[in-house]
Amino acid sequence: QVQLVESGGGLVQAGGSLRLSCAASRIIFSTYPIVGWYRQAPGSQRELVARITSGGNTNYADSVKGRFTISRDNAKNTVYLQMTSLIPEDTAVYYCNRFPPPGPSGSWGQGTQVTVSS
């Protein structure tokens, strides 16, 4: 069974930092070598923020490049997203999942809300 539990979100002022964590089931890490963080703002589609391979290679959306850092602990089946220099446009619900993401009937966690005030 796929399980994804995101945590670490909250309310922060612009310029602040947050660290998100995602505890994933072993099936995610063992089956899919690439894991990503996604976000969905109100009225917008879910978008990929960052992804990381099992070997640690990373890729970022242009909007977060230089401000966010994705990392993973394979032994703990956990993925992290360190977010710095946050701006109001980063406000969204953040999710983790495999990359490419599952289809419409795929499983997602509950996400964690990030709100950046100006």
Side-chain angles (χ1 to χ4, degrees):
Q1 183 179 359
V2 174
Q3 289 185 329
L4 298 156
V5 181
E6 300 93 347
S7 63
L11 173 63
V12 64
Q13 289 188 333
S17 300
L18 284 173
R19 189 192 193 210
L20 307 183
S21 298
C22 170
S25 60
R26 183 176 297 180
I27 192 172
I28 291 284
F29 272 66
S30 63
T31 305
Y32 305 103
I34 307 176
V35 182
W37 277 98
Y38 303 78
R39 68 185 180 187
Q40 187 168 19
S44 300
Q45 290 190 339
R46 189 175 288 158
E47 64 174 351
L48 177 68
V49 174
R51 65 181 191 254
I52 185 168
T53 69
S54 57
N57 292 317
T58 58
N59 187 274
Y60 299 90
D62 287 343
S63 59
V64 307
K65 201 171 294 183
R67 300 188 297 120
F68 290 9
T69 302
I70 188 171
S71 61
R72 64 192 285 170
D73 186 331
N74 292 329
K76 297 181 179 179
N77 295 333
T78 301
V79 184
Y80 305 97
L81 187 68
Q82 178 68 49
M83 306 187 295
T84 63
S85 301
L86 285 161
I87 59 178
E89 290 76 14
D90 294 321
T91 295
V93 179
Y94 284 71
Y95 305 86
C96 68
N97 214 318
R98 61 180 173 90
F99 178 85
S105 61
S107 296
W108 291 82
Q110 83 288 348
T112 186
Q113 175 72 49
V114 172
T115 303
V116 184
S117 63
S118 58

Give a yes or no on whether L18 and V64 share a hydrophobic cluster (residues Ile, Leu, Val, Met, Phe, Trp, Tyr; joining criterion: side-chain heavy atoms under 4.5 Å apart).
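Yes; V64 is reachable from L18 via cluster members.
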What about V93 and V114, same hydrophobic cluster or not, with Ile/Leu/Val/Met/Phe/Trp/Tyr joined at side-chain heavy-atom distances under 4.5 Å?
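No, it is not one cluster - the side chains of V93 and V114 are not joined through contacts under 4.5 Å.
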Which heavy-atom pair separates [X] from [Y] by the least distance, and what is that distance?
X   : Y    : result
I34 : R72  : CA-NH1, 4.4 Å
S21 : W37  : O-CH2, 3.6 Å
N77 : S25  : ND2-C, 4.4 Å
A92 : Q113 : O-NE2, 3.4 Å
A61 : L48  : CB-O, 3.7 Å
Y95 : E6   : CA-OE2, 3.5 Å

Are [X] and [Y] close enough that some pair of their side-chain heavy atoms sits under 4.5 Å apart?
X    : Y   : answer
L81  : R39 : no
Y80  : D73 : yes
P100 : Y32 : no

Euclidean distance, R67 CZ relative to L86 CG, rounded to 0.5 Å
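Spacing of CG (L86) from CZ (R67) equals 6.5 Å.
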At what distance, to the nearest 0.5 angstrom, does CD1 of I70 lie from SG of C22?
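Output value for this atom pair is 9.5 Å.
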Mind telling me whether F68 and Y94 have parallel, tilted or perpendicular rings, with 30° and 60° as the class edges?
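Ring orientation of Y94 relative to F68: tilted.
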Looking at L4, V5, T78, which one forms a side chain to side chain contact (heavy atoms under 4.5 Å, CB included) with C96?
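Only one option passes, and that is L4.
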Decide yes or no on side chain to side chain contact (heavy atoms under 4.5 Å, CB included) for V12 and M83, but give the supporting numbers first.
CA-CA 11 Å; V12 64; M83 306 187 295; over 6 Å; no
